[in-house]
Structures are given as C-alpha cells and as structure tokens.
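Values in this document were obtained by computation on a predicted structure and should not be read as measured data. Ligands are counted one by one from 1 in listed order, and the atoms in each one are counted from 1 as well. The figures here come from the full heavy-atom set of this structure, side chains too, leaving out hydrogens, waters and symmetry mates.
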Amino acid sequence: MDISVRLEIKKQTVREEIEKAISSVKGVYYQRSGGPCDLVILEIDDGFEFQHLRSFQASSIFLTSDRVDSGLLVQALKAGIKEFFPQPVKKDDVRDALLKLREQKGETKAPKEKKGKLINVIGSKGGVGTTTAAVNLAAALADLGKQVALVDMNLLFGEVPVLLNLNASFNWGEVVRNISRLDSSYLMGILSKHTSGLYVLPSPPELDGFRGNGASGVVDKLLRLMQGMFDFVIVDGGHSLDDTSLKGLEVADSVFLVTELSVPCLTNVKKLLWTFRQLGYPREEDTKVIVTRYHKKSLIQPKDAEESIQKKIHWCIPNDYFAVTSAINQGKTLAAVARNAEISKSLKELALETIGRRTN
Ligand SMILES: Nc1ncnc2c1ncn2[C@@H]1O[C@H](COP(=O)(O)OP(=O)(O)O)[C@@H](O)[C@H]1O
Ligand SMILES: [Mg+2]
C-alpha cells in the first residue's frame, strides 16, 4: 500500500533527517508537487494556526517544531495530529511512525470480507422441481459473473451431483468430520468446481453423524463461512424440516419456496407459510414463492394461487419437460442444453432480478 508524503519544512537539517527516514521505508515516497496526498509532515512555529491544517489536503499530518510545550501538544492532539516530532528530529522516530501509518493504511484498504447472499431453495413437496430450480438459478448467477456456491442439503437423497454430472470427491460429511479445521482454505480444497463456474458441496450419501445434536451447529458454521467467501450461496434445501433444514432456513437471507400450481402443493405452501410465522423465520418479506412447471393453460392460475395462499407469487418458471429432461440426462445446466428456451431465459431473468439488474 503506497503512501505519498509531502514535506513543508524549512530547516535543512530537519528536512534531511526526514528524507532519510522516507527513503528507508518501502512503499512510502516523496511527493514534490502540491495537491492531495496521504501524509504531510509540517514544521510549525509559534504563531501557527491549527485551523489552516485542512488546506494541506492530506489524510494524515505529522508535525515537528523546535518549541515543545504542553499547550502546543494539546492543540495538536485536538486537531487529530498523528505524530509530533520534537527537534532535533530523529530519523528512527520518523521511520517508526511511517511504518505504523503504512500498516494502518494497509488494514483500511484491505478488501472487505464478502457478505454473500444465502438463498435457500425449498420445495412444497418432493418432485416439484426444487433441485432443478436451485441448480439452474445458481448456474445463471455464475453466468452473470458472480462467485456462486451450491450446497446440497438433501441428506441421503442429494441429486445435485447427478444433475451436474459431477464426480465430487468430498461432500459436507467431510466438513462434519473436520469441523475444527473448517476455514476458507480448507473449504476451497473440498468444494468441487463445475464447468459452469459453480462451486459445489454435495450432501453425504449416508446418515451417520448427521442426526441429533451438533449437526445444525455445523450447518450454521459452514453456511456463514461460505457467505464470507461467495457472492451467493444457493442451498438446495429439499422439502424436509429437520434440525439441519431449520438451521438452513434460519440463516438464509431469502427462502425461495418452489411450488406447482396444484391443490396439494398450494396446501403445503399455506402450511409452510403458517409454520414460518410460528417459528419467527424466515421473515415474510424474505420468503418468495416460485411457481414452477408453469403452463399458461394451467387450471389454477397464479392469481387464484395468490388468493389462496394470501401472498404474491414472485416468479413463474415455465414448464418444459423436454429441456429439463435433456439437461438432467446429460448432466448439464439448462443454459448449456437449451440456452434459448423460455425456461432458460426465465431463470436468467430470475438471476438478474436476484442481483437487482432486471432488464424488463
Ligand atoms: N420446469 C419444469 N418443467 C418440466 N418438468 C420439470 C420442471 N422442473 C422439474 N421438472 C421435472 O420434475 C422432475 C423432478 O425435478 P427435481 O428438480 O429433481 O425436483 P425436486 O428436487 O423437487 O424433487 C424432473 O425430473 C423433471 O422431470
Ligand atoms: Mg431434489
């Protein structure tokens, strides 16, 4: 992190000493021109008026003076001066102060940890198209240049690797076994990278060790860590409400509740919305109802469904059995097998809407 320094110093000896300090610290350089800079080192005398400090256009100011009295120091302190060097100035004192400033500046400019959005995609029933929606929404977000992780929470019955034809070496059983080692570099090592750009964490193919106490704590730690690493964490939450699934709902920023426009599915939607209100999470405004396999000629239309569930439908993913089946059978995303199909366009629009860049 470079620091530009301007000197406003008259005494030659003082100036030379400070210049030596500047040249001894890497990343700190001497700015000869006027204008804004990171640091001004300023020599002041008796009549100095502290209100003039702002005119130096510097983020930080160090002062030096051959007069050191408590009144002057108090004024300097009040003006937010970072360092004060009594004269004769010692090169090492200036050097230490420059190192400290460089360190502080490095810290403030360091990239902030991401706070990715966690979207938990759950189904009102098995087989409605939850996994298809989760996988293809995640892929569409990755296609838009986002860093996306896809986590399969369906214990035993996870199908994300099947839909993506992914031969993953690890699943989150690995995380459970090594919870004490869990950090971003360990996690990066066990995620599988798919050609769509997605980072995938499949679910374990057996139940051992995932039931009872502790499993929901692991899910909590894992998902929060992933939020710090990715722009989006998409969870295929399946349709059960066990401890781990509830934790996945609790930590989610949004829950996409996938349903068909059928009476049994909409009845389940009503039950789930009621349960969420009882639980206190996910919040009403964070729960989005997504209709899938939507057909214009469907007997139940979206407005009928809205009346029944007393909630707006956020999105309708069209019915396209052919495209979905080809994608599943080839282990590819919908965009890869049928980029121009309505269903792929709809998922792309949903991804754009999700990142707040809707085009129409
Ligand atoms: N938009 C869609 N249009 C047509 N068929 C779909 C659609 N989404 C899913 N399907 C069908 O539903 C089946 C189950 O989809 P899947 O995503 O695995 O559901 P879930 O995860 O809810 O069990 C798929 O094999 C496919 O045949
Ligand atoms: Mg599924």
For [atom], what is the closest protein heavy atom, and at what distance to 0.1 Å?
atom	answer
atom 24 (C) of ligand 1	Ile328 CD1, 3.7 Å
atom 27 (O) of ligand 1	Tyr321 CE1, 3.6 Å
atom 14 (C) of ligand 1	Gly127 O, 3.7 Å
atom 26 (C) of ligand 1	Val324 CG1, 3.7 Å
atom 19 (O) of ligand 1	Gly129 N, 3.0 Å
atom 17 (O) of ligand 1	Thr132 OG1, 2.5 Å

(message) For Pro318, state whether at least one heavy atom is located under 4.0 Å from any atom of ligand 1.
(response)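 Heavy atoms of Pro318 do come under 4.0 Å of ligand 1.
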(request) Using non-hydrogen atoms of the residue, decide whether Gly123 is closer than 4.0 angstrom to ligand 1. (result)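 The answer is no: ligand 1 sits nowhere under 4.0 Å from a heavy atom of Gly123.
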Which atoms of ligand 1 have any heavy atom of [X] under 4.0 Å away?
X	value
Thr130	17 (O), 19 (O), 20 (P), 21 (O), 22 (O)
Ile343	1 (N)
Thr292	1 (N)
Thr131	17 (O), 20 (P), 21 (O)

(message) Taking N, O or S atoms only and a limit of 2.8 Å, check whether Thr131 reaches the Mg ion (ligand 2).
(response)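 For Thr131, the answer is yes, given that an N, O or S atom comes within less than 2.8 Å of the Mg ion (ligand 2).
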(request) Please state whether the rings of Phe62 and Phe85 are parallel, tilted or perpendicular, taking 30° and 60° as the class boundaries. (result)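 Ring orientation of Phe62 relative to Phe85: perpendicular.
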Under 4.0 Å from ligand 1, counting heavy atoms only, is it the side chain of [X], its backbone, both or neither?
X	value
Asp236	neither
Asn319	both
Asp320	backbone

(request) Show the numbers, then the answer: is there a salt bridge (charged side-chain N to carboxylate O under 4.0 Å, His left out) between Lys303 and Glu306? (result) CA-CA 5 Å; Lys303 63 173 183 2; Glu306 286 178 341; over 6 Å; no
(request) From atom 10 (N) of ligand 1, work out which of Lys125, Glu260, Arg293 has a heavy atom at the shortest distance. (result)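 Heavy atom nearest to atom 10 (N) of ligand 1 belongs to Arg293.
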(message) Tell me the nearest of Glu159, Glu342, His295 to atom 18 (O) of ligand 1, using heavy-atom distances.
(response)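 It is Glu159 that holds the nearest heavy atom.
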(message) Go through it in stages, so that I can follow the logic: the residues are Cys265 and Val128, the test is side chain to side chain contact (heavy atoms under 4.5 Å, CB included), and I'd like the CA-CA distance, side-chain angles, deciding distance and then a yes or no.
(response) CA-CA 8 Å; Cys265 284; Val128 291; 3.6 Å; yes
Taking N or O atoms only and a 3.5 Å limit, does [X] qualify as a polar contact for ligand 1?
X	answer
Ala133	no
Gly126	no
Thr325	no

(message) Quick check on side-chain hydrogen bond (donor to acceptor under 3.5 Å, both in side chains): which of Asn120, Thr131, Thr130 does Asp236 satisfy it with?
(response)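 Exactly one candidate clears the test, Thr131.
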(request) Would you confirm whether Asp231, through its side chain, and Gln147, through its main-chain N or O, come within 3.5 Å as a donor-acceptor pair? (result)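 A pair under 3.5 Å: yes.
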(message) Taking Glu159's backbone N and O only, do any of them form a donor-acceptor pair with Asp152's side chain (distance below 3.5 Å, no angle check)?
(response)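 Looks like yes, one N/O pair under 3.5 Å.
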(request) Step by step, work out the side chain to side chain contact (heavy atoms under 4.5 Å, CB included) result for Leu118 and Phe232. (result) CA-CA 6 Å; Leu118 198 156; Phe232 285 92; over 6 Å; no
(message) Determine whether the aromatic ring centres of residues Tyr281 and Phe276 are separated by less than 6.0 angstrom.
(response)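 Here the rings of Tyr281 and Phe276 have centres that are no less than 6.0 Å from each other.
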Is [X] salt-bridged to [Y], cutoff N-O under 4.0 Å?
X	Y	result
Arg15	Glu43	no
Asp66	Lys11	yes
Arg293	Glu260	yes
Arg283	Asp286	yes

(request) May I have the step-by-step check of side chain to side chain contact (heavy atoms under 4.5 Å, CB included) for Arg277 and Glu284, ending in yes or no? (result) CA-CA 8 Å; Arg277 274 178 225 122; Glu284 182 75 36; 3.3 Å; yes
